[in-house]
Visitor: 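Dropping the structure in here first, questions after.
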Amino acid sequence: MVVTFPIETPAQRHVLGVAIAFSILAVLALCLRLLAHHIAHKKWILSDYFIIAAGVFAVGLQSISITGVIQGGIGYDHVPIIAGKYGIKPITKLLQLIIPLQFLWVLSLSCTKVSILLLYLRIFPVTWVVRISWATIGVIIAWTVGTILAGCLICRPFAFNWDQTIPGGSCGDQVTSFTVTGVINLVTDVVVLVTPMPLLYNLQMAMYKKVTFITIFGLGGFTCIISILRISILSTMDFTDITYSIPLANIFSGLEPCLAVILASIPMMRPLLGRSTYTPEVTARPSNRSLSLSKRSRSTGDSEFQPLKDDSSELCLRPIGPKHEVGVAVERFTQTRKICCGGKDSRSKRSLESGERNLVDQGQNGGHGISVKQEWAVLHGRT
């Protein structure tokens, strides 16, 4: 028979409140991230799949926390009182739930960090960033495997985790195991947090934009704070009175992966804040004008450049060096109209040595012609 505990104590309410609230926020953050991708017409990449997996694991962890409160007696009272009132089954249930809770915690955090590092590899293709990211991914994978193995092997036989009456069974120091895994988790958190900071600091942009980027990517600092608090709480947890000592540790263990998913999704929500015709790939669809210009460009056989309408009737070329003037004129037999570039500069003390070549191509209609005039100016004292 399954025992259902009444929700009476503040510890029970706190665990349930955090579990429900942050599960909803994590799911909402994932939905907004994917909606932003849809608005920006961006395909899902490997980073997105990892963060979705992290969200699933985080919500699963919070579901176990809720079950632990309702059926395992988390936060209800001390173990002797619960055992005397409801029997030993709720305590056994809670000890069984702790194992998948630990596995989901490490899987969620590892998937979140790998997702962030894969994003770094995509947007920061710098050699040292690539090396640090791949090395950190390797450490995270090893940490994940090691944490799961520790959870499976720390008690022999495995059932001794929840049934201490098994003859010959024994368990290692579970508190130390949790603390070591927490410290490694904190180290990788710090590496993931600081890796992009030098590149963001050196961006060539307005200071307020730079500060905005650094702040957004630095939100992971909150996860580091939660990790530190969790380590300090786990180091004082008493497994002999698990129902009474676990609520705060359970809150931080569930809060950390959910918060990591939320903070990792925030930088990807930029398209939800506004649309820009200048960055259609990132923020919005291109405008009708852009689409029409693009179609016109494709019709001319050039997909890279847009044709420009130039109604001017002149052409001026002025290379660097000695003054070299080129004039183009449309000439009639009786009148020549000068279009561009010619004459002397009255403000400079120069003498012009000019050579002129006129070419008149008489048309059959109206007697028009084209005159090309070139002039070279040499400063006094130079040849």
Side-chain angles (χ1 to χ4, degrees), residues 18-63 104-125 129 133 136-137 140 144 185 188-189 191-197 199-200 203 209-227 253-286:
V18 171
I20 294 172
F22 278 87
S23 294
I24 294 173
L25 290 175
V27 172
L28 181 61
L30 286 174
C31 292
L32 291 176
R33 174 182 177 135
L34 299 179
L35 177 61
H37 284 358
H38 176 72
I39 292 174
H41 300 284
K42 292 179 64 176
K43 294 181 179 179
W44 292 8
I45 57 177
L46 193 58
S47 175
D48 298 314
Y49 291 104
F50 270 96
I51 200 66
I52 291 172
V56 172
F57 292 138
V59 173
L61 186 154
Q62 299 289 28
S63 300
L104 291 173
W105 173 80
V106 69
L107 287 171
S108 179
L109 288 176
S110 61
C111 285
T112 300
K113 294 174 190 177
V114 170
S115 173
I116 296 172
L117 291 169
L118 290 175
L119 188 63
Y120 289 171
L121 291 172
R122 187 177 180 87
I123 64 179
F124 301 119
V129 174
S133 298
T136 307
I137 289 174
I140 290 171
T144 304
N185 171 56
T188 54
D189 280 346
V191 172
V192 172
L193 176 65
V194 303
T195 295
M197 292 304 168
L199 295 176
L200 294 174
L203 286 175
K209 291 184 178 180
K210 186 184 299 187
V211 171
T212 301
F213 275 108
I214 292 175
T215 302
I216 291 174
F217 280 88
L219 290 175
F222 290 104
T223 307
C224 295
I225 295 173
I226 298 298
S227 181
S253 294
L255 177 62
E256 186 179 6
C258 286
L259 188 62
V261 170
I262 295 168
L263 297 179
S265 299
I266 288 176
M268 310 305 294
M269 297 180 188
R270 172 63 182 87
L272 300 176
L273 303 180
R275 298 187 175 186
S276 171
T277 57
Y278 298 101
T279 56
E281 183 183 354
V282 177
T283 58
R285 299 174 182 173

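The structure displayed is predicted, hence computed values, not measured ones. Heavy atoms only: backbone and side chains are in, while hydrogens, waters and symmetry mates are out.
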Visitor: Using the rule given for side chain to side chain donor-acceptor pair (under 3.5 Å), can you reason through Asn185 versus Ser227, listing the C-alpha separation, both sets of side-chain angles and the distance that settles it, and then say yes or no?
Guide: CA-CA 8 Å; Asn185 171 56; Ser227 181; 3.2 Å; yes

Visitor: Any chance you could measure Leu117, atom CG, to Thr136, atom OG1, to the nearest 0.5 Å?
Guide: 5.5 Å

Visitor: Which residue is it: Val56, Leu35, Val261, Val59? I am looking for the one with a side chain to side chain contact (heavy atoms under 4.5 Å, CB included) to Leu30.
Guide: Val261

Visitor: As a quick check of understanding, evaluate side-chain contact (heavy atoms from CB on, under 4.5 Å) for Leu263 and Ile266, giving each step before the final call.
Guide: CA-CA 5 Å; Leu263 297 179; Ile266 288 176; 4.1 Å; yes

Visitor: Between atom CG of Leu118 and atom NZ of Lys113, what is the distance when rounded to the nearest 0.5 Å?
Guide: 14.0 Å

Visitor: Around atom CZ of Phe222, are there more than 12 heavy atoms from other residues, nucleotides or ligands closer than 6.0 Å?
Guide: no

Visitor: Over all heavy atoms of both residues, which pair between Leu193 and Cys224 is shortest? Give the atoms and the distance, please.
Guide: CD2-SG, 4.2 Å

Visitor: Are any non-hydrogen side-chain atoms of Thr188 and Leu109 less than 4.5 angstrom apart?
Guide: no

Visitor: Test your reading of the model: is there a side-chain donor-acceptor pair from Thr195 to the backbone of Val191, 3.5 Å cut-off?
Guide: yes

Visitor: Begin from the C-alpha positions of Asp48 and Lys43 and carry the test salt bridge (charged side-chain N to carboxylate O under 4.0 Å, His left out) through to its verdict.
Guide: CA-CA 9 Å; Asp48 298 314; Lys43 294 181 179 179; over 6 Å; no

Visitor: Rounded to the nearest 0.5 Å, what separation is found between the OG atom of Ser110 and the CZ atom of Phe50?
Guide: 8.5 Å

Visitor: Of the non-hydrogen atoms in Leu61 and Gly254, which two are nearest, and what is the gap between them?
Guide: CD2-CA, 3.3 Å

Visitor: Do Leu32 and Ser265 make a side-chain contact, defined as non-hydrogen atoms from C-beta onward lying under 4.5 Å apart?
Guide: no

Visitor: Would you say Ile226 and Thr223 make side-chain contact, with heavy atoms under 4.5 Å?
Guide: no

Visitor: Working note: Ile51 + Met268, criterion side-chain contact (heavy atoms from CB on, under 4.5 Å); need CA distance, chi angles, decisive distance, verdict.
Guide: CA-CA 12 Å; Ile51 200 66; Met268 310 305 294; over 6 Å; no

Visitor: Which value, rounded to the nearest 0.5 Å, describes the distance between Leu121 atom CG and Ile137 atom CD1?
Guide: 5.5 Å

Visitor: If you round to the nearest 0.5 Å, how far is CD1 of Ile39 from NE2 of His37?
Guide: 11.5 Å

Visitor: Measuring from Leu28:CG to Ser23:OG, what's the distance to the nearest 0.5 Å?
Guide: 12.5 Å

Visitor: Can you name the side chain to side chain contact (heavy atoms under 4.5 Å, CB included) partners of Leu107, sequence neighbours left out?
Guide: Phe57, Thr144, Ile148

Visitor: Got Gln62 and Cys258 here, is their nearest side-chain heavy-atom distance under 4.5 Å?
Guide: yes

Visitor: Can you tell me if Thr112 uses its side chain to pair, donor with acceptor, with the backbone of Ser108 under 3.5 Å?
Guide: yes

